[in-house]
J.: 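Here it is, the structure in full.
Bear in mind that the values here come from a model prediction, so they are computed numbers and not experimental data.
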Amino acid sequence: LETARLSRRFLMDGTMFVHSARTSELLRYASDVGKMGTVDRVNADFSGRGDEEFFRSNVRVRKDGDPHGCVGDMGWYCIRAALVVFDA
């Protein structure tokens, strides 16, 4: 963020859940060792339902689409959740 500020640029995060009040509440709860103990692992799942057209043409399932496949888009939400919990 500091680099963006110094170069007069904006940092935009497309993973909007990290900015929600629900995430703040989750982090407040997760950081309370008396309630949860020490968090040392995060399990996260992401699922979606696609119709035939989705599986035929969506960039998320095409071999020539996102170079990281589903992790490049849908899996990112699970990765971001762990990063938020571990303040990374």
Side-chain angles (χ1 to χ4, degrees):
L1 291 174
E2 182 63 13
T3 300
R5 186 186 68 73
L6 290 172
S7 63
R8 299 176 56 94
R9 301 283 188 248
F10 293 98
L11 176 66
M12 298 180 71
D13 183 349
T15 314
M16 296 304 296
F17 78 89
V18 300
H19 307 291
S20 92
R22 182 183 296 176
T23 301
S24 296
E25 181 65 16
L26 166 80
L27 293 174
R28 187 180 66 72
Y29 186 84
S31 66
D32 186 335
V33 176
K35 288 183 180 176
M36 266 188 84
T38 301
V39 177
D40 60 4
R41 178 173 133 179
V42 171
N43 290 339
D45 297 301
F46 184 101
S47 63
R49 186 174 178 162
D51 60 11
E52 287 183 33
E53 179 62 25
F54 176 88
F55 288 104
R56 187 171 33 258
S57 64
N58 193 281
V59 68
R60 293 167 185 89
V61 296
R62 289 177 35 197
K63 289 180 182 177
D64 63 341
D66 189 315
H68 302 291
C70 287
V71 173
D73 181 61
M74 295 184 281
W76 166 243
Y77 295 95
C78 297
I79 294 166
R80 183 72 165 126
L83 290 172
V84 166
V85 169
F86 290 115
D87 196 25

J.: Is any side-chain heavy atom of His68 closer than 4.5 Å to one of Trp76?
T.: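 With C-beta onward as the side chain, the pair stays apart.
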J.: Taking all non-hydrogen atoms of both residues into account, name the closest pair between Asp45 and Cys78 and its distance.
T.: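 Answer, listing the atom of Asp45 first, then Cys78: C-SG, 3.6 Å.
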J.: Would a single hydrophobic cluster contain both Val85 and Val33, if residues Ile, Leu, Val, Met, Phe, Trp and Tyr are joined by side-chain heavy-atom contacts under 4.5 Å?
T.: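 No, it is not one cluster - the side chains of Val33 and Val85 are not joined through contacts under 4.5 Å.
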J.: With distance as the sole test, does Ser57 use its side chain to make a donor-acceptor pair with the main-chain N or O of Phe54 at under 3.5 Å?
T.: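 No; judged by distance alone, with no hydrogens or angles, the pair does not exist.
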J.: Ignoring hydrogens, what is the shortest heavy-atom contact between Arg41 and Phe86? Give both atom names and the distance.
T.: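 Result for this residue pair: N-CZ, 3.7 Å.
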J.: After noting the C-alpha distance and the side-chain angles of Glu53 and Arg56, does the key distance pass the salt bridge (charged side-chain N to carboxylate O under 4.0 Å, His left out) rule?
T.: CA-CA 5 Å; Glu53 179 62 25; Arg56 187 171 33 258; 2.9 Å; yes
J.: Does Phe46 belong to the same Ile/Leu/Val/Met/Phe/Trp/Tyr cluster as Phe55, with side-chain heavy atoms less than 4.5 Å apart forming each link?
T.: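 Result: no, two separate clusters.
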J.: Arg80 versus Val84: any side-chain heavy-atom pair under 4.5 Å?
T.: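 Counting from C-beta outward, Arg80 and Val84 do come under 4.5 Å.
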J.: For Asp32, look at atom CG and say whether over 12 heavy atoms of other residues, nucleotides or ligands are found less than 6.0 Å away.
T.: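 Check passes, neighbour count above 12.
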